[in-house]
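Let me begin by presenting the structure, written as structure tokens, before commenting on it.
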Amino acid sequence: MNARGFAPHPAVRWLIGLAIIVLFAIPIVSMAEYTLRDATAGGHSLVHWIELFDPARAGTYRPIWTGLGNSAVLAVVTVAIVLLLLAPTMVLVELRFPKLKRPFEFLALLPISIPAIVLVVGLAPIYLAIGRTIGTGIWPLAFAYGVTVLPFAYRAIQAAIDATELRVLAEAARSLGASWPAVLVRVLAPNLRPGLLAASLISVAVVLGEFTIASLLNRQNLQTALVVVGKQDPYASVILSLLALAFAFVLLVVIGRIGGGTPRARRSARPPKDQP
Amino acid sequence: MTETAIATADNAILAGARAGSAVAFEGVVKDYGQTRVLHGLDLAIQPGEFVSLLGPSGCGKTTALRVLAGLERANGGTVRIGGSDVSAVPTNRRDLGMVFQAYSLFPHLDVTANTAFGLRMRKVAKREAAARVRDALALVGLAGFGERYPHQLSGGQQQRVALARALVTEPRVLLLDEPLSALDAKVRVTLRDEIRRIQLRLGITTVFVTHDQEEALAVSDRIAVMNAGRIDQIGTPEELYLRPATAHVAEFVGLSSVLPCTVGGGVAEVLGIRLPVVGEAADGPAEAFVRPENVRLGGPIDAVVLESTFLGSVRRTVLRTAGGQLLRMQHAVGERVEFDERVTLGIEPAPVAVRPREG
């Protein structure tokens, strides 16, 4: 065994990386190529991309814009649930009820093991009741999404909590006269910022890609709209899928930047030599 | 650094210094589940007094401090600050300053913002807050460090900022929860003395939790020695050292040799030497705590030198008596003894603490 232990040779690492890139690139490049096909003139052109903004075809594409708007609303409400409900609950569990940490973690990670289609079986009667009481608007769907994003958001926030001396900071702030809301907003949130941001972005990514629950509950979001439009104009739906994919990719890159980024590196920076 | 702090004659923190508030624990009981960690703690602290809670880990000293801070809720009893019952008052309204064992500066704020935090919570006007922060930082010798972030400071500097942050609001009581234990030995001594100096100048009532007896002896007006959730003895450092009330206090405060003895009528016979006993002790076999400075060369006890350490101003020697007991002696540097040398020893007739011998 060499000094690097079981780490593979750099060439092998490059090879693996390349294979993965190719694997992911094939469908994306194929999609891009498909949207550029020009059936009438033959060859490739931007005609389908331009058609997307053609007023004459606006009716065909309307579901996409509606779906996009709905998905945006859902993303905002889901992020609000994550930031205003999940995060404070996790802080509360960490500070006041540490014994609940394990059960809470189990509960938070549970949705990842339950297929969306199973989830819907339970959600359908609930949404029937919600439909009767607070209407069939799109935003209540965010409650269901709050459950589906739970495992991802939980992990992101918990990582930040574990990296912070939450209890000491909270107690120091309390001793200095801070009310609990002030502790949360002025001290804890800024120090958990990387985790909160990552949780928010990953929630957005999950919401934008969600199809099953919306479809089975007869709600229209970006993904269901893409399917509807795709039946009439396959090019448009592929273009939009491509854009959604690119957007999610950018989000994930941003998350990666935040997670491994500056705050942690700063904190672990070696302090100057101890002196009186 | 200290000189600059003292030279700040127009320091608003000092000008605004008021007599500290009295603090009282009255029958405070604290349970963690089935375990009782404070058994009806009673302790009255005078305004402006520096009192240390001293004891081994798990003796309840930190719990007592946290109950006083409101970070833990007592299961019984009353905590008073300035005469009024604060048992039901939340931490943020108790008007305290607290320095923690762990580095507790807010990592996202610079030194100025950290120090100003308490003032901001109290909605003090910006201009006044800036002046008070400047004075507080000068007081702890960190003028000019305002724009640094906690990660750019050494451990000692971080605790200084934490002290400035705790003092800037002019709290009624200053709570110190082992603030020095994470620091290097040298920094620990410097900062310890400086905390005491600042405390004396501000006249702020201070409660200091520590497991380091040397630290407590050096800075306290009075020390409460705690053991298993109770106060064994409270007194000045001299009282604790010279007249320990219990064997635990004698063992914990200062260095002692534990020697078998026989107690009879308030006198302990240790290695054939009769010594007065501190406090009351039952007659019979016991163990006596003999201070190393009360052991001297020349006398009726035969012993062999095991080890002799030069400590600068004194020499400390460990000896074994003919009966196999280990004995520590502190003596003048000029009195050189060699390893394995046979010597005779005597014990000064100073009062000794005793505890009943087991078995």
Side-chain angles (χ1 to χ4, degrees), chain A residues 87 91-92 94-101 157 159-198 258-259 261-276, chain B residues 1-2 66 69-71 90-109 113-123 141 148-158 160 162 165-166 168-169 171 175 177 182-191 193-194:
Chain A
V91 169
L92 197 68
E94 181 78 16
L95 293 181
R96 281 293 180 85
F97 309 104
K99 277 185 191 159
L100 288 180
K101 212 171 151 183
I157 297 173
I161 286 178
D162 291 341
T164 315
E165 293 274 3
L166 220 54
R167 181 177 294 274
V168 176
L169 296 183
E171 288 180 351
R174 291 286 289 166
S175 76
L176 291 165
S179 63
W180 276 114
V183 171
L184 216 55
V185 174
R186 296 211 181 276
V187 176
L188 302 187
N191 285 296
L192 297 178
R193 199 182 53 94
L196 295 177
L197 216 60
I258 299 162
T262 43
R264 194 76 52 82
R266 267 195 295 146
R267 208 164 301 159
S268 64
R270 215 179 122 76
K273 198 180 140 33
D274 212 352
Q275 51 194 247
Chain B
M1 212 182 271
T2 315
R66 291 175 62 84
L71 296 171
T91 303
N92 59 329
R93 299 219 200 93
R94 289 196 184 189
D95 193 13
L96 309 160
M98 189 160 178
V99 180
F100 296 81
Q101 176 176 8
Y103 299 138
S104 64
L105 296 185
F106 306 131
H108 65 295
L109 300 177
N114 259 290
T115 312
F117 188 85
L119 298 174
R120 205 170 158 196
M121 291 299 119
R122 286 165 176 77
K123 302 200 166 33
R148 302 254 190 116
Y149 278 84
H151 69 273
Q152 296 170 314
L153 301 175
S154 70
Q157 288 168 335
Q158 288 196 44
R160 278 165 189 273
R165 185 177 69 173
V168 77
T169 58
L175 309 181
D177 184 7
L183 306 176
D184 293 350
K186 203 175 164 191
V187 181
R188 202 151 62 212
V189 172
T190 319
L191 194 51
D193 294 343
E194 204 161 328

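In what follows, chains are A, B, ... by sequence order, proteins preceding strands, each numbered from 1.
- Looking only at heavy-atom pairs under 4.5 Å with chain B, the residue among A:V168, A:L169, A:V183 that has the most is A:L169.
- Side-chain contact check for B:P90 versus A:W180: every heavy-atom pair is 4.5 Å or farther apart.
- The most heavy-atom pairs under 4.5 Å with chain A, out of B:G97, B:G118, B:G70, B:A69, come from B:G118.
- The two atoms that bring B:F117 and A:A178 nearest to each other are CE2-CB, 3.9 Å, heavy atoms only.
- Between the CG atom of A:L176 and the OG1 atom of B:T91 there is a distance of 11.0 Å, given to the nearest 0.5 Å.
- Nearest heavy-atom pair across A:A182 and B:M121 is CB-SD, 3.9 Å.
- For a residue to count as touching a neighbouring chain, one of its non-hydrogen atoms must lie under 4.5 Å from one of that chain's; by this rule B:R188 does not touch chain A.
- Within the 4.5 angstrom heavy-atom criterion, only side-chain atoms of B:R122, from C-beta onward, approach chain A.
- Between B:R165 and A:A172, the closest heavy-atom pair is NH2-CB, 3.6 Å.
- Rounding to the nearest 0.5 angstrom, the gap separating the OG atom in A:S175 from the CZ atom in B:R66 is 10.5 Å.
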Item to complete: Would you sort out whether A:R193 and B:H108 count as a side-chain contact (heavy atoms from CB on, under 4.5 Å), showing the intermediate values?
Response: CA-CA 10 Å; A:R193 199 182 53 94; B:H108 65 295; over 6 Å; no
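- Remark: B:M98 CE to A:R174 CZ distance equals 13.0 Å, nearest 0.5 Å.
- Interface remark: B:L105 contributes backbone atoms only to the contact with chain A (heavy atom separation under 4.5 Å).
- For chain A, the nearby parts of B:F106 are the backbone and the side chain; heavy atoms of each come within less than 4.5 Å.
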